[in-house]
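Reviewing the structure listed below.
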Amino acid sequence: MKWNRRRKVSRDGAHWFPFVEKVTWPCILLAIFLAHASSSAIGTWMNLGLQGIDVLRNPEAYLLGAQPLCSRLSGLSRGQTKLCYLYQDHMAHVARGARLGINECQWQFRTRRWNCSTVDDSSVFGPVLNIGSREAAFAHAIAAAGVVHTVSRGCRDGQLGNCGCSRALRPRNLHRDWIWGGCGDNVEYGYRFTEGFVDVKEREANYPRGSKEQGRKLMNLHNNEAGRRAVIRKIKVTCKCHGVSGSCSLVTCWQQLAPFREVGDYLKDKYDGATEVKINHRDKLQIRDPRYNLPTAEDLIYIDESPDYCLRNERTGSWGTSGRVCNRTSLSTDGCNLMCCGRGYNTHKTTIKERCKCKFHWCCYVECKTCHYIVDIQTCK
């Protein structure tokens with residue numbers, strides 16, 4: 001192999017690599033294999049949400065071996081590791097945002113065949129994210145939204161050195177006598193930081209034009225953006241009265257993030273209406289079925305059909321639904337008919353403990369006594 005002294009920079013300008021002038025096919029195959037192996041081992045940045053946030057709060061106090069903590073955090077790409085060094089005080093908020101996204105994903109899909117379960121490695125969701133499905137689209141969007149949410153709130157609380165209160169312009173429809181001030185959530189900074197940190201992993205990867213890998217890269221970038229915009233879409237204007245004896249002679253307003261559950265509900269609706277796309281020869285994504293409307297920047301997109309998640313499959317990352325609790329009277333996704341994939345269900349008796357809400361409840365003898373009663377539950381075969 002002959003190496004030229006020149007160096008070539010990738011499109012995003014993030015990495016320099018030696019320029020190969022002459023190379024043999026065995027070397028090419030070896031390089032592809034090593035690149036694939038290293039990318040599989042890296043996992044995803046969402047793994048920060050499963051690691052100890054207390055460690056990230058004080059990275060200087062934790063040295064693993066001879067290297068600082070940032071280089072040892074599993075799941076970060078090379079570009080994200082560099083950003084970790086530059087913004088070490090942000091990493092606890094990134095981890096908290098990833099955890100927030102994972103928790104919300106598990107809440108939104110708690111009654112689905114795929115319940116957003118995590119695994120014990122840096123991939124977080126296992127092989128599920130290797131498939132460009134609706135589930136992967138939602139996972140990327142909700143995680144990006146979580147980081148925007150926590151970083152924006154961290155700016156407002158004065159926990160980050162690079163930002164402070166929001167500098168958003170006064171809304172046009174705000175009452176003219178009301179004061180636009182206070183300390184609002186800095187969603188502008190949260191958006192910019194999240195865009196740089198989350199998207200760098202996709203942008204630093206180079207794939208052949210028109211390949212499926214390139215299509216997946218564009219899909220992830222689109223869904224990351226949809227997650228960030230979901231936070232902006234749900235932002236609110238909050239006002240507070242000031243004055244003697246509640247006279248409300250002065251009103252101060254500021255922008256405030258909506259509860260993250262509202263963001264999760266919004267993205268869940270986008271998941272239900274996600275658009276299937278494909279990559280064309282011009283290195284662009286286009287809708288697979290022209291009868292449907294073009295997706296906007298706030299919509300979720302996917303390139304692969306979802307598995308049915310009925311049976312355990314290590315290749316697709318499906319845990320199956322055997323043993324899952326279902327509702328035999330429900331016609332929704334939590335119903336035994338859909339959850340159990342037609343395999344049927346078993347009925348078990350279990351004891352539930354519950355604090356009495358009223359001293360006159362039938363199972364209570366005295367006020368605030370703990371009630372014990374037996375109920376039937378159904379689990380999938």
Side-chain angles (χ1 to χ4, degrees), residues 57 87 89-101 103-105 107-108 138 141-199 222-273 293-300:
R57 286 175 179 164
Y87 301 94
D89 59 337
H90 289 54
M91 289 302 105
H93 297 274
V94 173
R96 194 177 297 112
R99 179 75 260 181
L100 185 65
N103 290 340
E104 185 62 26
C105 180
W107 167 263
Q108 294 292 339
F138 183 88
I142 198 67
V147 178
V148 175
H149 201 276
T150 53
V151 171
S152 301
R153 185 61 53 83
C155 290
R156 186 205 67 178
D157 295 340
Q159 297 175 350
L160 300 176
N162 295 63
C163 59
C165 299
S166 172
R167 298 181 179 179
L169 298 178
R170 178 190 180 94
R172 294 183 179 180
N173 58 350
L174 191 67
H175 195 284
R176 63 179 183 179
D177 294 333
W178 293 355
I179 297 177
W180 180 247
C183 188
D185 294 311
N186 196 342
V187 71
E188 298 84 6
Y189 181 87
Y191 173 92
R192 293 196 305 270
F193 175 81
T194 305
E195 182 181 25
F197 181 83
V198 175
D199 287 0
H222 179 99
N223 293 322
N224 291 343
E225 176 67 13
R228 293 189 291 267
R229 293 197 178 202
V231 179
I232 298 176
R233 168 68 66 175
K234 289 298 178 179
I235 202 167
K236 301 176 180 178
V237 174
T238 302
C239 299
K240 182 178 181 180
C241 286
H242 308 274
V244 180
S245 300
S247 61
C248 204
S249 58
L250 181 65
V251 179
T252 303
C253 302
W254 62 91
Q255 74 172 7
Q256 185 175 13
L257 293 170
F260 198 67
R261 180 55 42 81
E262 294 185 19
V263 178
D265 293 339
Y266 177 80
L267 287 176
K268 182 58 165 52
D269 291 337
K270 294 297 183 181
Y271 163 87
D272 293 330
N293 296 329
L294 290 173
T296 67
E298 297 181 354
D299 295 324
L300 299 185

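Fair warning: this is a prediction, and the values are worked out from it, not measured in the lab.
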Please name the pair of heavy atoms, one in [X] and one in [Y], separated by the smallest distance, quoted to 0.1 Å.
X: C105; Y: I142; value: CB-CG2, 4.2 Å
X: K236; Y: A258; value: CE-CB, 3.9 Å
X: E188; Y: A168; value: OE2-CB, 3.2 Å
X: H242; Y: K240; value: CD2-O, 3.5 Å
X: L267; Y: L300; value: O-CD1, 4.0 Å
X: S152; Y: L257; value: CB-CD1, 3.9 Å

Stepwise side chain to side chain contact (heavy atoms under 4.5 Å, CB included) check, L174 with C253:
CA-CA 9 Å; L174 191 67; C253 302; 3.9 Å; yes
Taking SG to SG, are C165 and C155 separated by less than 2.5 Å?
no
Less than 4.5 Å apart, any side-chain heavy atom of [X] and any of [Y]?
X: H93; Y: R96; result: yes
X: V251; Y: H175; result: no
X: F197; Y: M91; result: yes

Assess whether atom CG of D272 is packed by more than 12 heavy atoms of other residues, nucleotides or ligands within 6.0 Å.
yes
Does W180 CH2 have over 12 foreign heavy atoms under 6.0 Å away?
yes
Applying the side-chain hydrogen bond (donor to acceptor under 3.5 Å, both in side chains) criterion to E298, which one of R233, R229, R228 satisfies it?
R233
Just how far is it from atom [atom1] of [X] to atom [atom2] of [Y], taken to the nearest 0.5 Å?
X: K234; Y: R261; atom1: NZ; atom2: CZ; answer: 13.5 Å
X: I235; Y: H149; atom1: CD1; atom2: NE2; answer: 9.0 Å
X: T296; Y: K270; atom1: OG1; atom2: NZ; answer: 5.0 Å

Using 30° and 60° as the class limits, which term best fits the ring planes of F193 and H90: parallel, tilted or perpendicular?
tilted
For a quick check under 3.5 Å, do N186 and Q255 share a side-chain donor-acceptor pair by atom type?
no
